[in-house]
Amino acid sequence: MALGDKLTEQAQNPPRKETLGKIADLLSRNGIDIDEIGRVQRVSLYQSMFKNADGEAETVDLAAVQLSPAWETGPEWPVMTQGPAVKLPPAKGKPSKETAWKTAAIIPDVQIGFYRLSDDTLEPTHDEDAISVALALIKASKPDLVVLVGDNLDLPEFGKYLTTAPFHRTTQAAIDRATVLSAELRNAAPNARIIWIAGNHEERLPRYIATNAAASFGLRRGNTPDSWPVLSVPYLCRFDEYGIEYLPGYPASMFWINDRLRVVHGDRVNSSGVTASKYLAREKVSVLYGHIHRREWAEITRQDHDGPRTVLAASPGCLARIDGAVPSTKGGTDLDGRPIIGRHEDWQQGIAFVEYQEGDSPFHLELVPIREGQARWRGTDYISERERMA
């Protein structure tokens with residue numbers, strides 16, 4: 001090949017390294033970080049001529065690059081999705097006989113969550129045995145009303161405290177389990193009104209989004225302004241599909257069973273075991289609360305203009321594990337960040353039942369302890385499914 005022909009070919013097809021160098025220089029001069037580039041759509045290399053100061057023609061190499069940003073295709077990390085669609089056989093429950101007295105089942109803090117063991121399997125922070133017993137009790141009671149007091153999801157990845165590595169990437173599994181629990185509750189109480197009150201742990205999710213991803217806060221599916229935000233507990237756990245009513249807004253949210261008894265998640269804690277007294281000091285009506293994971297019950301009788309009135313404050317306990325698995329201010333972790341199991345919290349498991357009449361009427365409260373996957377209620381023993389299979 002003649003020298004002239006070779007120079008012409010090099011001008012038309014510059015060496016690869018030289019071309020890449022020009023593209024890199026072009027990106028640098030325009031302040032574009034290479035990590036922000038998702039895909040290179042087109043590269044154009046061409047030449048142009050101009051006259052220099054002496055009036056002579058000179059050739060200059062030019063390059064044009066068409067890029068798409070990395071964020072155009074969305075985040076590389078997996079986003080949360082709805083829990084699984086659960087199909088259960090039709091429930092055969094029959095409506096209870098018409099009576100002035102109704103039954104409410106009260107479910108305290110479940111703390112659904114997981115952490116990873118060394119082999120990457122998921123270990124629950126909720127107590128599956130306690131949940132199994134609670135569902136059996138609810139089914140037996142044929143309630144008209146089921147009220148979950150909140151903190152049924154733990155959501156440690158969205159909390160303000162340090163989250164160790166074993167708790168990372170566990171939120172989807174928790175959403176899935178809470179969705180299954182929603183279906184199980186509907187199956188156990190097919191005719192009941194089911195209320196889920198938001199606790200401080202459920203409120204972690206919207207607060208985290210509002211703080212760290214404000215553009216995503218309140219996003220809904222297109223043309224559905226009355227639907228739940230897609231990154232909210234009721235949407236992710238398919239509450240509408242199971243007829244579950246969600247009451248957001250901790251600590252203000254509450255539910256009235258009748259005019260004399262209300263249910264809240266609770267925002268008061270007394271480490272000496274007398275949280276109930278804090279509620280009695282300010283309440284004019286009886287209150288059931290969660291948050292503390294302990295069974296408590298206290299009453300006070302006050303003189304009013306129309307005579308004495310006795311009010312109570314009570315907590316059913318929790319359905320979370322009490323052996324140190326749930327992250328807490330009193331718990332500890334090993335050097336890999338996993339909870340140290342065996343250091344038991346001052347917590348007790350259980351649920352509650354309320355027999356009530358509507359309006360300004362009496363009610364009767366019953367706390368049912370759950371211990372080691374077992375409970376005894378009204379002459380019948382209730383054992384978790386895992387214990388029965390053992």
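The figures here come from the full heavy-atom set of this structure, side chains too, leaving out hydrogens, waters and symmetry mates.
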*Asks:* I'd like to check E184 versus N187 (side-chain heavy atoms, cut-off strictly below 4.5 Å). Are they in contact?
*Replies:* no
*Asks:* To the closest 0.5 Å, what do you measure between NZ (K160) and OG1 (T211)?
*Replies:* 12.0 Å
*Asks:* Check whether more than 12 heavy atoms from other residues, nucleotides or ligands sit under 6.0 Å from atom CD of E385, and answer yes or no.
*Replies:* no
*Asks:* Salt bridge check, E157 against R169: does any charged N sit closer than 4.0 Å to a carboxylate O?
*Replies:* no
*Asks:* Between H168 and T163, is there a donor-acceptor pair closer than 3.5 Å when you use the side chain of the first and the backbone of the second?
*Replies:* yes
*Asks:* When rounded to the nearest 0.5 angstrom, what distance separates CD1 in I107 from CG in L185?
*Replies:* 4.5 Å
*Asks:* Classify the ring geometry between Y382 and W377 as parallel (under 30°), tilted (30 to 60°) or perpendicular (over 60°).
*Replies:* tilted
*Asks:* Go through the structure and list residues passing salt bridge (charged side-chain N to carboxylate O under 4.0 Å, His left out) with E203, not counting sequence neighbours.
*Replies:* none
*Asks:* Would you indicate whether the side-chain heavy atoms of L236 and M80 approach each other to under 4.5 Å?
*Replies:* yes
*Asks:* Are E345 and K330 close enough for a salt bridge, meaning some N to O gap below 4.0 Å?
*Replies:* no
*Asks:* With F239, which residues qualify under ring pair (Phe, Tyr, Trp, His ring centres under 6.0 Å), at least two apart?
*Replies:* W196, Y246
*Asks:* CD1/I370 to CD1/I322 distance, rounded to the nearest 0.5 angstrom?
*Replies:* 11.0 Å
*Asks:* If you measure only the distance, is there a donor-acceptor pair under 3.5 Å linking the side chains of N200 and E202?
*Replies:* no
*Asks:* Who passes side chain to side chain donor-acceptor pair (under 3.5 Å) against R238, sequence neighbours left out?
*Replies:* E241
*Asks:* Above 12 or not: heavy atoms from other molecules or residues under 6.0 Å from OH of Y208?
*Replies:* no
*Asks:* For S384, which residues count as a side chain to side chain donor-acceptor pair (under 3.5 Å) partner, sequence neighbours excluded?
*Replies:* D129
*Asks:* My understanding is that only residues two or more places apart in sequence, or in another chain, count here; which of them pass ring pair (Phe, Tyr, Trp, His ring centres under 6.0 Å) with Y356?
*Replies:* none
*Asks:* Under 30°, 30 to 60°, or over 60°: which ring-plane class applies to W347 and H293, parallel, tilted or perpendicular?
*Replies:* perpendicular
*Asks:* What residues, two or more places apart in sequence or in another chain, satisfy side chain to side chain donor-acceptor pair (under 3.5 Å) together with S118?
*Replies:* none
*Asks:* How far does OG of S141 sit from CZ of R378, to the nearest 0.5 angstrom?
*Replies:* 8.0 Å
*Asks:* Looking at residues at least two apart in the chain, or sitting in another chain, which of them share a side-chain contact (heavy atoms from CB on, under 4.5 Å) with A320?
*Replies:* Q111, C318, V326
*Asks:* With clusters built from Ile, Leu, Val, Met, Phe, Trp and Tyr whose side-chain heavy atoms come within less than 4.5 Å, directly or transitively, what are the remaining members of the cluster of V311, listed by chain and number?
*Replies:* L280, I300
*Asks:* Under the side chain to side chain donor-acceptor pair (under 3.5 Å) rule, collect the residues that match up with R302, sequence neighbours excluded.
*Replies:* none
*Asks:* Side-chain contact, heavy-atom cut-off 4.5 Å: S286 with R260?
*Replies:* no
*Asks:* Check P143 against V146 and note the closest heavy-atom contact, atom names and distance.
*Replies:* CG-CG2, 3.8 Å
*Asks:* Kindly state each residue pair satisfying side-chain hydrogen bond (donor to acceptor under 3.5 Å, both in side chains) with at least one member in residues 310-323, sequence neighbours excluded.
*Replies:* E123-R321, T301-T310, R321-D323
*Asks:* Restricting to pairs with a member in residues 246-258, which pass salt bridge (charged side-chain N to carboxylate O under 4.0 Å, His left out), not counting sequence neighbours?
*Replies:* none
*Asks:* Compare all side-chain heavy atoms of L365 with those of L288 and state whether any distance is below 4.5 angstrom.
*Replies:* yes
*Asks:* Is there any salt bridge (charged side-chain N to carboxylate O under 4.0 Å, His left out) pair reaching into residues 308-320, and which pairs are they, with sequence neighbours excluded?
*Replies:* none
*Asks:* Is any side-chain N of the basic residue among D127 and R386 closer than 4.0 Å to the acidic one's carboxylate O?
*Replies:* no
*Asks:* My understanding is that only one of V147, V149, D151 makes a side chain to side chain contact (heavy atoms under 4.5 Å, CB included) with P108; could you say which?
*Replies:* V149
*Asks:* Counting only heavy atoms from other residues, nucleotides and ligands, does the tally under 6.0 Å from CD of E372 exceed 12?
*Replies:* no
